[in-house]
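Worksheet: one structure, shown below.
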Amino acid sequence: MSAYTTSPTDQFAPHLQEILRWHFNPATGSKFWLGRVAELGFDPLADVATLADLRRFPDFSAELRTVPVDDLLPEGCRGRPFQVYESGGTVGTPKRIIEAGSRAEGIAWVDRMFDEYAFPRDVHWLHVGPTGPHIVGRSMRRLAETRGGACFTIDFDPRWVKRMIRSGRPELAEEYIEHVLDQVELVTATQDVRVLFITPAVLEALCARTELRERLAARLTGLIWSGTSFDESSLSMVRDHYFPEAVVTGIYGNSLMGIAPQRPPVPEDKQACVFQPFWPRAVVEVVDAGGEAVAHGKRGRVLVHLITREMFLPNVLERDSAIRVAPTRGSFYGGLDGLAEVAPYREGGATVIEGVY
């Protein structure tokens, strides 16, 4: 559980030094990093002390597509059970990460943030989203259990939907979404589900089923959306018109950075939803084409640094763009930037297929 109080930024340097000592020590580090020290051209233990210093590392994330998972596991974690999860593969072959418990800290932090805006407890959840190799399914199940409920799951394969769209068969993607919603009908017809996790694309299709939407609107006390981008007018319609009795909140995240929940709104917010990454385990910057941080209120590309004992992966340019939001006051996020209006990053006009997640 996070121990941050008034100044989490002050804790970055000691956390970074601890993680660097762990990953670049032969007794505790991984083959992945120990085998790359010679090619770095600098000493990670002597020359890296600040967030800016992390830019010295190359972006090795592409290697996560092929590297053996045993090479990723630090010696200091060996002997503990660990899981392997994959990215969605939106811009190529999926990348793999390992996880042996560090995400539990993030779930505890999200749980505490949910309490700040009275998200419901002691009710059952329905997760309508990827499970399988994707970590989000396990994370939502763990969050539901942490908050006192059981979690029903309806799986879908986002890669299949993207394949149908990419190959010019959108009608099959639409049929697949209807198949998913048929399962939502079956679960909610017999089970007392009060919290729904769903992606914006599938939520939009759900809202077109009037009877199902009205059944859920009469019952839901919480709704979490995550995955594909969600414009503010659609979000307003969901929150104020379709599900006015539910606490509607968003989560931004991916296999690498974990979960960045929506923080409670403050009067100075210009955006309807501001996400807060789990500092300093996942440090997120918003940068311009030259790699420099954009000004607050400006859009740039998402740059992620994963800094945990299980995985250290700095300087990773993500497929997303976002608006950098100035820090606000708060017990868990005071002094930290937020992210808003996350959308695909289209480099050179490239087409990005979001699909359903």
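Counting from 1, the numbers follow the sequence of the chain as shown. Note that this is a predicted model, so its numbers are computed, not measured.
The main-chain N or O of Thr308 is never found under 3.5 Å from a side-chain atom of His15 such that the two would form a donor-acceptor pair. Side-chain N or O atoms of His23 include none that pairs as donor or acceptor with a backbone N or O of Thr28 at under 3.5 Å. Counting only distance, with no hydrogens or angles, the side chain of Glu232 and the backbone of Ala272 share a donor-acceptor pair below 3.5 Å. Between the side chain of Thr188 and the main chain of Val184, a donor-acceptor pair closer than 3.5 Å is present. Here the side chain of Arg213 pairs no donor or acceptor atom with the backbone of Ala208 at under 3.5 angstrom. Looking at Asp288, its side chain does come within 3.5 Å of a backbone N or O of Glu292 through a donor-acceptor pair.
Put simply, the side chain of Leu40 reaches to within 4.5 Å of the side chain of Pro58, judged on heavy atoms. For the pair Phe60 and Val67, the minimum side-chain heavy-atom distance is 4.5 Å or more. Using a 4.5 Å heavy-atom cutoff, the side chains of Phe197 and Leu126 are not in contact. Side-chain contact between Pro314 and Leu306: absent, with no pair of heavy atoms (C-beta onward) separated by less than 4.5 Å. With a 4.5 Å cut-off on side-chain heavy atoms, Met237 and Cys207 do not count as touching. Counting heavy atoms from C-beta on, the side chains of Arg194 and His124 never come closer than 4.5 Å. Looking only at side-chain heavy atoms (C-beta outward), Leu235 and Val248 come within less than 4.5 Å of each other. Side-chain atoms of Val302 and Val342, non-hydrogen and from C-beta on, never get closer than 4.5 Å to each other.
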| Run the side-chain hydrogen bond (donor to acceptor under 3.5 Å, both in side chains) check on Tyr117 and Thr249 step by step: do they pass? | CA-CA 10 Å; Tyr117 46 87; Thr249 188; 2.8 Å; yes
| task | Apply side-chain contact (heavy atoms from CB on, under 4.5 Å) to Val136 and Asn254, showing your working. | result | CA-CA 8 Å; Val136 63; Asn254 54 46; over 6 Å; no
| Can you check side-chain contact (heavy atoms from CB on, under 4.5 Å) on Arg103 and Phe278, steps first, answer last? | CA-CA 10 Å; Arg103 299 298 171 94; Phe278 185 37; over 6 Å; no
| Verdict with supporting geometry, Phe82 and Leu73, side-chain contact (heavy atoms from CB on, under 4.5 Å) | CA-CA 9 Å; Phe82 71 96; Leu73 186 67; 3.7 Å; yes
| said: Working note: Leu203 + Leu223, criterion side-chain contact (heavy atoms from CB on, under 4.5 Å); need CA distance, chi angles, decisive distance, verdict. | reply: CA-CA 10 Å; Leu203 179 58; Leu223 190 155; 4.2 Å; yes
| query | Glu214 and Arg209: salt bridge (charged side-chain N to carboxylate O under 4.0 Å, His left out), yes or no, with the steps? | reply | CA-CA 9 Å; Glu214 291 179 347; Arg209 289 195 181 192; over 6 Å; no
| request: List the steps, then state whether salt bridge (charged side-chain N to carboxylate O under 4.0 Å, His left out) holds for Glu75 with Arg78. | output: CA-CA 5 Å; Glu75 284 299 315; Arg78 204 165 291 279; 3.1 Å; yes
| said: Go through it in stages, so that I can follow the logic: the residues are Arg121 and Asp115, the test is salt bridge (charged side-chain N to carboxylate O under 4.0 Å, His left out), and I'd like the CA-CA distance, side-chain angles, deciding distance and then a yes or no. | reply: CA-CA 9 Å; Arg121 280 190 176 275; Asp115 280 344; 3.0 Å; yes
| request: Please step through salt bridge (charged side-chain N to carboxylate O under 4.0 Å, His left out) for the pair Asp43 and Arg56, ending with a clear verdict. | output: CA-CA 10 Å; Asp43 182 348; Arg56 303 186 66 170; over 6 Å; no
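Side-chain contact check for Glu204 and Ser234: no donor-acceptor pair (N or O, by modelled atom type) lies under 3.5 Å. Between the side chains of His179 and Glu175, not a single donor N or O lies within less than 3.5 Å of an accepting N or O. Remark: the Asp111 side chain and the Thr146 side chain contain no N/O donor-acceptor pair separated by less than 3.5 Å. Side-chain contact, Ser61 with Lys95: a donor N or O sits under 3.5 Å from an acceptor N or O. For the residue pair His127 / Asp155, no side-chain donor-acceptor distance below 3.5 Å is found, with atom types taken as modelled.
Rounded to the nearest 0.5 Å, atoms CD1 (Ile107) and OG (Ser102) are 10.5 Å apart. Going from atom CG of Leu143 over to atom CZ of Arg138 covers 12.0 Å, rounded to the nearest 0.5 Å. With rounding to the nearest 0.5 Å, the separation of CD1 in Ile19 from CE in Met311 is 12.5 Å. In this structure, Ile323 CD1 and Gln271 CD are separated by 5.0 Å, a value rounded to the nearest 0.5 Å. Rounding to the nearest 0.5 Å gives a distance of 5.0 Å between CD1 of Ile224 and CD1 of Ile251. Atom CG of Leu339 sits about 11.0 Å away from atom CG of Leu336, to the nearest 0.5 Å.
At least one cation-pi condition fails for Arg239 and Tyr242: the charged atom is not both under 6.0 angstrom from the six-membered ring centre and inside a 45 degree cone around its axis. For the pair Arg147 and Phe119, the cation-pi criterion (under 6.0 Å, within 45° of the ring axis) is not fulfilled. Because its NZ or CZ atom is not both nearer than 6.0 Å to the ring centre of Tyr345 and within 45° of the ring axis, Arg319 does not count as a cation-pi partner of that residue.
Note: Trp225 and Phe275 have perpendicular aromatic rings, judged against thresholds of 30 and 60 degrees for the angle between ring planes. Aromatic ring orientation, Trp33 versus Phe312: tilted (interplanar angle from 30° to 60°).
Gln83 CD: more than 12 foreign heavy atoms inside a 6.0 Å radius. Counting non-hydrogen atoms of other residues, nucleotides and ligands closer than 6.0 Å to CD of Glu268 gives a total above 12.
The side chain to side chain donor-acceptor pair (under 3.5 Å) with Glu285 is formed by just one residue from the set Arg301, Arg324, Arg55; it is Arg55. Exactly one residue among Leu313, Leu16, Leu51 makes a side-chain contact (heavy atoms from CB on, under 4.5 Å) with His305. That residue is Leu51. Just one of His134, Arg159, Arg65 meets the side chain to side chain donor-acceptor pair (under 3.5 Å) condition when paired with Glu86; it is Arg159.
Linking ILVMFWY residues whenever their side-chain heavy atoms come closer than 4.5 Å, directly or via other members, leaves Trp22 and Leu54 in distinct clusters. Using a 4.5 Å cut-off between side-chain heavy atoms of Ile, Leu, Val, Met, Phe, Trp and Tyr, with links allowed through other members, Leu216 and Ile177 fall into the same hydrophobic cluster. Leu186 and Leu206 are not part of a single hydrophobic cluster, where members link through side-chain heavy atoms under 4.5 Å apart. Side-chain heavy atoms closer than 4.5 Å link hydrophobic residues (I, L, V, M, F, W, Y) into clusters, and following such links, possibly through other members, connects Val247 to Ile259. In terms of hydrophobic clustering, with Ile, Leu, Val, Met, Phe, Trp and Tyr side chains grouped at heavy-atom distances under 4.5 Å, Val84 and Ile135 are assigned to a common cluster.
Less than 6.0 angstrom separates the ring centroid of Phe12 from the ring centroid of Trp279.
One finds no salt bridge joining Arg219 and Glu245 here, because no Lys/Arg side-chain nitrogen approaches an Asp/Glu carboxylate oxygen to under 4.0 Å. A salt bridge links Arg215 with Glu185: at least one charged nitrogen is closer than 4.0 Å to a carboxylate oxygen. With respect to Asp157 and Lys162, no salt bridge is recorded, no charged nitrogen being found less than 4.0 Å from a carboxylate O.
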